[in-house]
2 protein chains.
Amino acid sequence: MKLSESEENYIKCIYHLHVPGQGVSATLLAASVQTKAASVTEMLKRLSRKKLINYKPYHNFTLTELGNKIALEVIRKHRLWEYFLVEKLGFDWHEVHTIAEELEHISSKELIHRLEAFLGSPSFDPHGDPIPDRFGKMKTVRQTCLSEIPEKKLVTVNAITDQSATMHELLKHYGIHIGTKIKVNRHFSFDGSVEIKINKQPLITLSRKAAQYIFCTI
Amino acid sequence: MKLSESEENYIKCIYHLHVPGQGVSATLLAASVQTKAASVTEMLKRLSRKKLINYKPYHNFTLTELGNKIALEVIRKHRLWEYFLVEKLGFDWHEVHTIAEELEHISSKELIHRLEAFLGSPSFDPHGDPIPDRFGKMKTVRQTCLSEIPEKKLVTVNAITDQSATMHELLKHYGIHIGTKIKVNRHFSFDGSVEIKINKQPLITLSRKAAQYIFCTI
DNA sequence: AAAAAAATTTAGGTAAAGCTAAAAAATAAA
DNA sequence: TTTATTTTTTAGCTTTACCTAAATTTTTTT
Ligand SMILES: [Mn+2]
Ligand SMILES: [Mn+2]
Ligand SMILES: [Mn+2]
Ligand SMILES: [Mn+2]
């Protein structure tokens, strides 16, 4: 089935907004795809007609099996392109998302298949998100947000879930990136800030706001 | 100026159809972009409004300076992507055009700039067509079609202007590709066929139809 | 259980990009 | 230079994907 760029973006957003059990609401989706609720309703009818979502007017909706499969295909393309942009073209990881937002809609299957091989079949994109394989399967890593790691534990950063330039600036300043080994020294419950140590560097204190976007494996 | 995919395709087609002096006709363009003449007229009005073409109803039209610049940008992207697909992803040259037809519309300037560097700033795409640099300048090679090369001359293939799978099959069979050195042995004026020799291989006779798409430098 | 608020859909509109059929203009033939 | 043919444009319609404003349904508060 050949979908439009818009349809693909909606499907992908529904996938990302979905939390097991609840289904997705129209207002949330509207904000997510940057349109108005009325436009979302129209699209929902179309996606429903194409059997990509389960939809009853006035109720939350979910992706069908087919919709889910398509979402994973788009996400796979998005993340492989992001990996390409960072690893091959030398982009910083916070610059690649917007470009991948376009590249993810290039339709050739053969292209993405060869791109994957060219990149060495990576399992994670530059932000640490898992890349679905051609069957839609993703590696699941048990990862915990930095503010929830017990004191004295030594962990490895493996995902950053805020991709803004400002977050990038902060991380760069402290020399934190995917793969960095961090020892959690202390949590301050007053403001949720966390004191950490990287290698032999002096101690660093990160705010709760920053720590909550840094995910690690133990 | 942000143009739609359609607008870019039209502009590029006008560029390719243009022969110095005449300007381009609506019927030719219609065939070229695979639409009907009526649709072309509508687009011409839009492109004219945007100052991309010089257009008077019922007359042939040409690209403006701006239109020309944009055409070259799209062609630059198209050919750089084709080069990428062949050189990095290992596609055969006859498979890449359709994919590049989509990739050429990805908007990021930074992307194409980095892609070019990554590829080593190639001057020619896999079909032998010159790649415009970021100022729109192209290397011009004086090249002659194989059926017009004088007898006994030794030449080098540097462009194939038919990219069909069938042409690819024929060239592969004879071991002809860009860079192949060919000695023109004899022309038969009866049917325009040409007898050639490659290295120490046995003589080959190419039809006029095939020879006319093989361009060489002396 | 009503009333108020919030979420969602419908109604009516716009712009892009296509289509067919008919009208108009330009070009070629007689 | 008329007439015929071809090319181009107009008119009127369609689909996708948006929009605002109004109506409807669901949910939350009193
Ligand atoms: Mn991304
Ligand atoms: Mn996208
Ligand atoms: Mn091409
Ligand atoms: Mn194109």
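Here is how names work: the chains are called A, B, and so on, in the same order as the sequence lines, proteins then strands, and each is numbered from 1.
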Can you see if the side chain of [X] gets near the phosphate of [N] - specifically, an N or O under 4.0 Å from OP1 or OP2?
X: B:K36; N: C:dG18; answer: no
X: B:Y10; N: C:dG18; answer: yes
X: B:R46; N: C:dA16; answer: no
X: A:N60; N: C:dA7; answer: no
X: B:S6; N: C:dA16; answer: no

Which whole-number value in Å describes the distance from [X] [atom1] to [N] [atom2]?
X: A:K56; N: D:dT24; atom1: NZ; atom2: C1'; result: 18 Å
X: A:Q22; N: D:dT27; atom1: CD; atom2: P; result: 13 Å
X: B:H59; N: D:dT8; atom1: NE2; atom2: P; result: 11 Å
X: A:E7; N: D:dC18; atom1: CD; atom2: C1'; result: 14 Å
X: A:F61; N: C:dT9; atom1: CZ; atom2: P; result: 8 Å
X: B:K45; N: D:dA11; atom1: NZ; atom2: C1'; result: 10 Å
X: B:R49; N: C:dA16; atom1: CZ; atom2: C1'; result: 10 Å
X: B:L28; N: D:dT7; atom1: CG; atom2: P; result: 10 Å

Nearest to the side chain of [X], which nucleotide is it out of [options]?
X: B:Y58; options: C:dA7, D:dG12, C:dA24; answer: C:dA24
X: A:A38; options: D:dC18, D:dT9, C:dT10; answer: C:dT10
X: B:S4; options: D:dT16, C:dT8, C:dA17; answer: C:dA17
X: B:M43; options: C:dG12, C:dA17, D:dT8; answer: C:dA17

With sugar-phosphate meaning primed atoms plus P, OP1 and OP2, does [X] contact a base, only sugar-phosphate, or nothing at under 4.0 Å between heavy atoms?
X: B:T35; result: sugar-phosphate
X: A:T41; result: base
X: A:S39; result: base
X: B:A26; result: sugar-phosphate

Aromatic plane relationship, A:F61 with A:Y55 - under 30° parallel, 30 to 60° tilted, over 60° perpendicular: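 Judged by the thresholds at 30° and 60°, the geometry between A:Y55 and A:F61 is perpendicular.
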Sole residue of A:H177, A:H127, A:H168 in ring-ring contact (aromatic ring centres under 6.0 Å, His included) with A:H94: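 When ring-ring contact (aromatic ring centres under 6.0 Å, His included) is applied between A:H94 and each of A:H177, A:H127, A:H168, only A:H168 qualifies.
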Inter-residue atom distance B:I75.CD1 - B:E104.CD, 0.5 Å rounding: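 B:I75 atom CD1 to B:E104 atom CD measures 8.5 Å (nearest 0.5 Å).
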Test item: A:E7 side-chain N/O and A:L47 main-chain N/O as donor-acceptor pair under 3.5 Å: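 Between the backbone of A:L47 and the side chain of A:E7 there is no qualifying donor-acceptor contact (under 3.5 Å).
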Note: A:K69-A:E73 ion pair, threshold 4.0 Å (strictly below):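 Salt bridge flag = yes for A:E73 with A:K69.
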Cation-aromatic face contact B:K88/B:F118, 6.0 Å, 45 degrees: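 Yes, B:K88 and B:F118 form such a contact.
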Contact nearer the 5' end of DNA chain D, comparing B:S25 with A:A37: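 Of the two residues, B:S25 wins.
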